[in-house]
Amino acid sequence: MAFKQATSRYFMTQDNVRLHYIDSGKGAPIVMIPAWSQSVKEFKYQVEGLQHDYRVIALDMRGHGLSEQVEHGYRIPRLAKDLHELLCFLDLKDVVLVGHGMGASVMLCLWDLFGDGLLSKLVIIDMPPVLVSNPIWSPLEMHSYGPLVDPVNVLDVMNMIQSSEGDKYRQTVLKCMLSQDICPEERQSVIQSRRKLPLEQAGKLFYSNYHQDWRDLFPRIQLPCLVVSGRASLTAWRSQQWIADQLPQSKIVYFEEHEGGKHFMFLENPSRFNAILHDFIQIK
């Protein structure tokens with residue numbers, strides 16, 4: 001799929017991996033990081049809809065989309081370094097970072113490792129603060145954090161992803177992440193993007209992502225942050241409210257189920273999402 005008025009470009013990371021990114025428009029930079037197994041295609045409506053007011057950049061992480069498929073580096077800290085190298089390669093300043101799902105983990109890891117010197121604002125889309133539950137947590141903590149698996153199940157899922165049933169499993173999960181009335185073309189585009197990342201690497205990255213815990217970061221982030229949540233998403237909306245409550249400068253926006261309020265609300269309801277993002281960026 002070609003992006004209107006957007007340019008496909010590549011750069012080399014310090015460990016010699018060729019990464020693909022989309023670059024379009026002029027003005028204040030927005031850099032978008034897709035979710036696990038997804039590609040820059042998921043942000044097509046943001047690139048096309050916001051490029052007249054901003055410089056919109058979207059990165060295919062290693063092994064994803066049109067980026068090089070290598071056998072190493074499928075860990076959240078390495079992906080955060082890749083992202084930081086892109087920002088430095090493009091000499092970007094005052095960046096609005098937008099992370100979806102695992103892309104938000106990569107974004108938060110970048111902030112943790114490199115600080116906010118290159119950044120102006122953060123947008124967290126549908127990402128729990130911690131993904132694996134702890135059996136000693138209270139019901140209130142479970143309710144607030146919204147973990148998706150328990151410590152044993154996370155290994156089972158990783159092994160399933162890396163097995164011959166991996167593609168079937170990814171498609172089954174994806175069905176729960178999209179509204180039933182999404183158009184077939186959009187659904188197929190998301191499915192095809194997921195098939196790009198090889199199962200072995202997908203499992204490694206899944207395992208790395210599910211062992212991150214960002215709870216202690218949120219109170220320390222002084223940048224303005226936007227939290228975007230889908231009421232009908234697998235990611236519990238209460239966990240998104242918890243994140244917003246921990247952030248010193250935050251705004252939270254919910255997409256109801258009839259508004260495409262699942263995991264890909266920016267794809268299912270791009271006009272509303274783009275308007276929200278535009279308004280957030282314009283706030284001084």
Side-chain angles (χ1 to χ4, degrees), residues 1 3-4 6 22 24 30-54 56 58-60 64-65 96-105 107 121-129 131 146 148 170-196 225-244 250-282:
M1 181 205 70
F3 287 82
K4 296 177 182 177
I22 289 291
S24 183
I30 304 172
V31 177
M32 313 191 81
I33 313 106
W36 174 77
S37 287
Q38 293 303 133
S39 75
V40 298
K41 288 182 179 180
E42 73 168 47
F43 292 125
K44 62 181 181 179
Y45 294 123
Q46 285 64 60
V47 174
E48 294 173 2
L50 297 169
Q51 64 186 342
H52 302 294
D53 298 304
Y54 307 98
V56 186
L59 173 66
D60 276 333
H64 294 69
V96 176
L97 276 185
V98 180
H100 173 221
M102 192 195 73
S105 287
M107 176 181 74
K121 296 183 178 183
L122 303 180
V123 181
I124 301 168
I125 305 173
D126 216 43
M127 181 211 72
L131 286 154
L148 297 178
R170 287 196 289 189
Q171 289 192 44
T172 299
V173 173
L174 193 58
K175 288 180 180 179
C176 301
M177 294 181 171
L178 297 166
S179 300
Q180 290 186 351
D181 56 355
I182 188 172
C183 73
E185 292 79 10
E186 300 287 16
R187 184 183 299 276
Q188 191 59 31
S189 176
V190 176
I191 290 172
Q192 288 177 346
S193 289
R194 290 222 156 177
R195 289 174 176 160
K196 293 280 187 177
C225 295
L226 173 65
V227 180
V228 184
S229 172
R231 293 278 194 186
S233 175
L234 291 176
T235 301
W237 66 265
R238 292 178 181 86
S239 72
Q240 305 305 280
Q241 183 64 62
W242 185 90
I243 290 174
S250 71
K251 175 183 180 181
I252 186 165
V253 175
Y254 297 103
F255 280 70
E256 303 298 334
E257 185 169 10
H258 71 274
E259 297 175 309
K262 287 206 166 185
H263 194 51
F264 290 84
M265 73 290 289
F266 53 88
L267 183 64
E268 297 201 42
N269 194 346
S271 58
R272 180 172 184 238
F273 182 91
N274 289 358
I276 290 168
L277 182 56
H278 175 78
D279 290 345
F280 173 68
I281 294 172
Q282 293 301 309

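When a residue number appears, it is its place in the shown sequence, counting from 1.
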[atom1]/[X] to [atom2]/[Y] distance, rounded to the nearest 0.5 angstrom?
| X | Y | atom1 | atom2 | result |
| --- | --- | --- | --- | --- |
| I22 | K44 | CD1 | NZ | 12.5 Å |
| Q38 | L267 | CD | CG | 9.0 Å |
| Q240 | M127 | CD | CE | 7.0 Å |
| S105 | L131 | OG | CG | 6.5 Å |
| H64 | E42 | NE2 | CD | 9.5 Å |
| S250 | I124 | OG | CD1 | 9.0 Å |

Any salt bridge linking E268 with K262? Criterion: basic side-chain nitrogen under 4.0 Å from a carboxylate oxygen.
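No.
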Between [Y] and [X], is there a side-chain heavy-atom distance shorter than 4.5 Å?
| X | Y | answer |
| --- | --- | --- |
| V123 | I30 | no |
| L59 | I33 | no |
| V253 | R272 | yes |
| F264 | L174 | yes |

Between the side chain of [X] and the main-chain N/O of [Y], is any donor-acceptor distance below 3.5 Å?
| X | Y | result |
| --- | --- | --- |
| K121 | L226 | no |
| E259 | E256 | yes |
| S179 | D181 | no |

Test E257 against R231 for salt bridge (charged side-chain N to carboxylate O under 4.0 Å, His left out), laying out the working first.
CA-CA 6 Å; E257 185 169 10; R231 293 278 194 186; over 6 Å; no
If you compare all heavy atoms of [X] against all heavy atoms of [Y], which two are closest, and at what distance to 0.1 Å?
| X | Y | answer |
| --- | --- | --- |
| W36 | M102 | N-CB, 3.7 Å |
| S239 | P128 | OG-CA, 4.2 Å |
| A244 | I252 | CB-CB, 4.0 Å |
| M32 | P34 | O-CD, 3.8 Å |
| G230 | W237 | O-CB, 4.4 Å |

K251 to F280, cation-pi by 6.0 Å centre distance and 45° axis angle:
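Geometry flag: not set, cation outside 6.0 Å or 45°.
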Tell me if the aromatic rings of F43 and F266 count as close, with their centers under 6.0 Å from one another.
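They qualify: ring centres under 6.0 Å apart.
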Which word best sums up how the rings of H263 and H100 line up, parallel for under 30°, tilted for 30 to 60°, or perpendicular for over 60°?
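Taking H100 first and then H263, their aromatic rings sit tilted (interplane angle of 30° to 60°).
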Qualifying residue for side-chain contact (heavy atoms from CB on, under 4.5 Å) with V173, from M177, Q171, R170:
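Only match with V173 under side-chain contact (heavy atoms from CB on, under 4.5 Å): M177.
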Go through I125 and M265 one step at a time and tell me if the side-chain contact (heavy atoms from CB on, under 4.5 Å) criterion holds.
CA-CA 9 Å; I125 305 173; M265 73 290 289; 3.6 Å; yes
Derivation of the side-chain contact (heavy atoms from CB on, under 4.5 Å) call for V47 and V40:
CA-CA 9 Å; V47 174; V40 298; over 6 Å; no
Count the heavy atoms belonging to other residues, nucleotides or ligands that lie under 6.0 Å from CD of Q180, then report whether that count exceeds 12.
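Open: at most 12 neighbouring heavy atoms sit under 6.0 Å from CD of Q180.
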Taking it one step at a time, do Y54 and L277 satisfy side-chain contact (heavy atoms from CB on, under 4.5 Å)?
CA-CA 11 Å; Y54 307 98; L277 182 56; over 6 Å; no
Q241 and Y254: side-chain donor and acceptor closer than 3.5 Å?
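Side-chain D/A pair, Q241 to Y254: present.
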